[in-house]
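Below: the structure, in structure tokens.
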Amino acid sequence: MELEVRKRRAQLYRYQAAGAGICILAAFYLFYMVWEIDSDFIRWKFGIGSSALLTASICIVYALLVAIACLIMRLGSIKIAEILATECDPFLYEACIQKNSRLLYKDRLLCSLALAQHYQGNFDRAWETLQGINVYKLHGIHRANYYILMSDQYFKRGMGQQVRELEERYRQSVKTKNKREWKYFETLCAGNNLTRALENQDYQAAAGFLGERIALNGNASRPWTRVIFALKEAQIYLGLGEKESARLCLKYVVENGNRMWCVQEALGLSERI
């Protein structure tokens, strides 16, 4: 796997180098335009409006170049994230991000590591990693992932009664007008309600919560989430006595889950049917 890690990291470095190169070129462009253009002459020749327009155009071009550079570097990070989201390989994903510097965005990196460890089925390591995270330094999807992981850990450790406190803590941190944050909160609650319904063997309610959870993902659903949904669906079908439908769902998990922990769980359920 080390060779594959080097390959993926090299791809990331190429994106980062390209982005950094564009930033440097943008800086040279800005300094050249500022020092080489005689703004006094332009103001005298064409008027003060032309000088202001030229200055604005220089700033806009510079901002566009920097934005393109940031987008290219972001694409490199997305390629790494796709190892888990698309290829369903949490082991390779962890190996690739393990070498990232912890000087910047330490808590975000730890959250990503916990995510990888959790979906490897290494729940104890994920728990330990989550303990080192300052949740108040997380934002957006990283904060949502933290609460989703912590909720699942609580359920697995028989601490399900404390999950309501996590939900309330997350709710209080959500800004009133931030629709994306509210959607993340609704996703957390739908997933937790699904887990509660399965634990209580209320499979009709579980089916409703699963439908809600899938709807919240919408078109943004990725292969790894579809695999997880298929496993939950199989558990619901088994609870309802629909074994053939459960087999089809478990088959999907095994064929598409790659090295995620749910593949082993699906195989175990298949043997018991």
Side-chain angles (χ1 to χ4, degrees), residues 1 5 80-81 83-85 87-174 181 184-200 206 209-210 213 222 224-225 227-229 231-232 235 253 257-269:
M1 187 170 70
V5 171
I80 296 297
I83 296 172
L84 177 59
E87 300 176 34
C88 301
D89 191 341
F91 294 93
L92 179 59
Y93 177 62
E94 181 186 12
C96 286
I97 64 175
Q98 189 72 254
K99 297 182 180 180
N100 288 355
S101 172
R102 299 193 183 188
L103 295 177
L104 297 174
Y105 307 114
K106 171 189 172 184
D107 298 282
R108 186 186 299 182
L109 174 61
L110 288 176
C111 189
S112 297
L113 286 171
L115 194 70
Q117 292 158 0
H118 186 86
Y119 286 104
Q120 293 168 11
N122 201 333
F123 303 120
D124 289 336
R125 281 187 66 210
W127 174 260
E128 291 174 5
T129 303
L130 287 167
Q131 303 314 302
I133 295 174
N134 182 351
V135 67
Y136 299 105
K137 292 186 178 181
L138 296 175
H139 302 281
I141 188 62
H142 297 286
R143 181 166 55 179
N145 283 338
Y146 170 85
Y147 280 105
I148 289 170
L149 290 174
M150 283 297 292
S151 297
D152 204 33
Q153 286 280 346
Y154 277 17
F155 281 122
K156 290 183 184 302
R157 293 170 179 271
M159 302 161 59
Q161 69 279 3
Q162 298 181 35
V163 172
R164 295 290 185 191
E165 297 175 15
L166 283 176
E167 293 173 352
E168 179 60 20
R169 198 186 311 163
Y170 189 16
R171 188 192 65 78
Q172 292 178 358
S173 71
V174 175
E181 289 285 347
Y184 289 151
F185 174 69
E186 290 171 2
T187 299
L188 169 69
C189 293
N192 289 343
N193 288 334
L194 170 59
T195 302
R196 292 186 186 101
L198 287 172
E199 286 186 347
N200 295 330
F209 290 128
L210 177 59
R213 180 68 180 82
R222 308 299 298 279
W224 72 307
T225 56
V227 166
I228 296 166
F229 294 154
L231 179 61
K232 299 295 185 182
Q235 292 171 340
V253 174
N258 197 0
R259 295 206 287 170
M260 291 174 63
W261 66 269
C262 50
V263 172
Q264 297 305 316
E265 186 166 339
L267 288 171
L269 288 173

Original post:
Excluding sequence neighbours, so at least two apart, what forms ring-ring contact (aromatic ring centres under 6.0 Å, His included) with Tyr146?
Top reply: none

**OP:** Return the set of residues passing salt bridge (Lys or Arg N to Asp or Glu O under 4.0 Å) with Arg143 (not counting sequence neighbours), or none when no residue passes.
**Re:** Glu181

Original post:
Excluding sequence neighbours, so at least two apart, what forms side-chain hydrogen bond (donor to acceptor under 3.5 Å, both in side chains) with Glu87?
Top reply: Arg8

Subject >> Asn193 (side chain) donor-acceptor with Cys189 (main chain) under 3.5 angstrom >> reply: yes

Original post:
Can you tell if the side chain of Pro90 reaches within under 4.5 Å of the side chain of Met260, non-hydrogen atoms only?
Top reply: yes

Subject >> Straight-line distance of Leu188 CG to Arg171 CZ, nearest 0.5 Å >> reply: 12.5 Å

Subject >> Within-4.5 Å side-chain heavy-atom neighbours: Arg213 and Phe209 >> reply: no

Subject >> Atom pair CG (Leu113) and CD1 (Ile97), whose distance is rounded to the nearest 0.5 Å >> reply: 4.0 Å

Original post:
Is the count of non-hydrogen atoms from other residues, nucleotides or ligands lying under 6.0 Å from Lys156 atom NZ greater than 12?
Top reply: yes

Subject >> Listed partners of Asn192 passing side-chain hydrogen bond (donor to acceptor under 3.5 Å, both in side chains), at least two apart >> reply: Ser151, Glu167

Subject >> Met150 side, atom CE; Cys111 side, atom SG - distance, nearest 0.5 Å >> reply: 11.0 Å

Subject >> Inter-residue atom distance Asn134.CG - Leu110.CG, 0.5 Å rounding >> reply: 10.5 Å

Original post:
In Å, rounded to the nearest 0.5 Å, how long is the span from CG of Leu109 to OG1 of Thr129?
Top reply: 9.5 Å

**OP:** Test Tyr170 against Val174 for side-chain contact (heavy atoms from CB on, under 4.5 Å), laying out the working first.
**Re:** CA-CA 7 Å; Tyr170 189 16; Val174 175; 4.0 Å; yes

Subject >> Residue list, side chain to side chain contact (heavy atoms under 4.5 Å, CB included) with Asn122, at least two apart or on another chain >> reply: Gln120, Arg125

Original post:
Does a side-chain heavy-atom distance below 4.5 Å link Ile148 with Leu115?
Top reply: no

Subject >> Partners passing side chain to side chain contact (heavy atoms under 4.5 Å, CB included) against Arg157 (at least two apart in sequence or in another chain) >> reply: Asp124, Trp127, Gln153, Met159

**OP:** Mind jotting down which residue pairs meet the salt bridge (Lys or Arg N to Asp or Glu O under 4.0 Å) criterion with at least one end in residues 257-267? Sequence neighbours excluded, please.
**Re:** Asp89-Arg259

**OP:** State which residues pass side chain to side chain contact (heavy atoms under 4.5 Å, CB included) with Ala206; sequence neighbours excluded, sorted by chain then number.
**Re:** Leu194, Ala197, Leu198, Ile236

**OP:** Give, for atom CD1 of Ile133 and atom NE2 of His142, the distance between the pair rounded to the nearest 0.5 Å.
**Re:** 11.0 Å

Subject >> With Asn200 via side-chain hydrogen bond (donor to acceptor under 3.5 Å, both in side chains) - residues at least two apart >> reply: none

**OP:** Could you tell me which non-hydrogen atom of Ile83 sits nearest to which non-hydrogen atom of Cys96, and how far apart they are?
**Re:** CD1-SG, 3.7 Å

Original post:
Partners of Glu199 by side chain to side chain contact (heavy atoms under 4.5 Å, CB included), sequence neighbours excluded?
Top reply: Phe155, Thr195

**OP:** Identify the heavy atoms of Cys262 and Val227 that sit nearest to each other, and give their distance.
**Re:** SG-CG1, 3.4 Å

**OP:** Could you walk me through whether Ser112 and Tyr93 pass side-chain contact (heavy atoms from CB on, under 4.5 Å), step by step?
**Re:** CA-CA 9 Å; Ser112 297; Tyr93 177 62; 3.5 Å; yes

Original post:
By ring-ring contact (aromatic ring centres under 6.0 Å, His included), which residues pair with Phe123, not counting sequence neighbours?
Top reply: His118, Trp261

Original post:
Where do Ala266 and Val253 come nearest, in terms of heavy atoms and distance?
Top reply: CB-CG1, 3.6 Å

**OP:** With sequence neighbours left out, write down each residue that passes side-chain hydrogen bond (donor to acceptor under 3.5 Å, both in side chains) with Asn145, or none if nothing qualifies.
**Re:** none

**OP:** Could you tell me which non-hydrogen atom of Ile228 sits nearest to which non-hydrogen atom of Tyr119, and how far apart they are?
**Re:** CD1-CE2, 3.4 Å

